Amino acid sequence: MPILIDGKKTSDQIKSEIAARVAEIRAEGGKIPHLAAVLVGNDGASQTYVGAKVKACEQVGFESTLVRLEDEVSEEELLKVVEDINQNPAIDGLIVQLPLPKHISVEKVTNKIKPEKDVDGFTPANVGRMTLGWPAYVAATPYGIVELLKRYKIETSGKHCVVIGRSHIVGSPMSILMARNDYPGNCTVTLTHSRTKNLPEITKAADILIVAIGKPEFVTADMVKEGAVVVDVGIHRIDDSTKKSGFRLIGDVKFEEVAAKASAITPVPGGVGPMTIASLLYNTLLAAERKVFQ
Ligand code: GUN
């Protein structure tokens, strides 16, 4: 059996490390980290995610503010809310939950967030800093994956890392982080996407395979090399009448058959997913302690 890379256990560990640091800050009379989350509209998944982020803040002793806005809010009003938070010295970190309604430009809103408070790591300033290897807020999913590889002591130097998917928030930053001159990193990286030809040939050459394509059970055993490390970023709900909820969660990787060949693998659920909140908390702590932008 492969090593099961347990994101739930690791994120709990990180949360308790952060809680311990907050207790120290409190004892020193320092600034308690404060995250503000802006949620527009009533999308069910977004409400769940933001609710989980606010709850996690409470768990580690952070302060949090949730700003809820109507679906019909104008772009101008949303930009004003972001600017007010930018200017508010009580708030260290700011996230605007995505997706936004169609009449609002994600680019304009993202670009309005002060890079010093951009704990999602979505602004051009933070993406640029990360790319240059400067201190930066790294987006939650890539940061969570890097942290899992580190804490499970996965060897990366000189390995061939294949990333499937080139999104701005997962595939593209993952390819940059795995190629950087650091640990985890120093990989030879291949970034693949929807136009890639002969994908199975490429994935079969991967020592480390990072799958963020957004298609349920896309990666099958015949696409994976014996002994590969497999990281599954996908999460999909599928109907399952045997479950009380009526559904179960699966990833972008056909877990059972791929696990039989892998040396280490992240499950879904309980792999990359739980790490994203830990990453957000970690970035918020960095923001409060002014560790990224001095
Ligand atoms: N929507 C889905 N994932 C994220 C995330 O990491 N941050 C924000 N702001 N919105 C999201």
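Please read these numbers as outputs of a predicted model, since none were measured by experiment. Order of listing sets the numbers, starting from 1, for every ligand and every atom in it.
Here the rule is side-chain contact (heavy atoms from CB on, under 4.5 Å) with Ile235, and of Val268, Ile250, Val272 only Val268 fits it.
In terms of protein heavy-atom proximity, atom 11 (C) of ligand 1 is nearest to Gln97 NE2, 3.3 Å. Nearest protein neighbour of atom 1 (N) of ligand 1, counting heavy atoms only, is Leu98 O, 2.9 Å.
Between Tyr143 and Tyr282, the two ring planes are parallel [angle under 30°; tilted spans 30° to 60°].
Distances shorter than 4.0 angstrom do not occur between any heavy atom of Tyr49 and any atom of ligand 1.
Other residues, nucleotides and ligands contribute only 12 or fewer heavy atoms inside 6.0 Å of the CD atom of Glu256. In His103, the NE2 atom is crowded: over 12 heavy atoms of neighbouring residues, nucleotides or ligands sit closer than 6.0 Å.
The line from CG of Leu94 to CG of Asp118 is 8.0 Å long, rounded to the nearest 0.5 Å.
Remark: ligand 1 and Val96 share an N or O pair separated by less than 3.5 Å (distance only, no angle test). Where the criterion is an N or O separation shorter than 3.5 Å, residue side chain and backbone included, Pro99 fails it with respect to ligand 1.
Among Ile277, Asp120, Val38, the residue whose heavy atom sits closest to atom 7 (N) of ligand 1 is Asp120.
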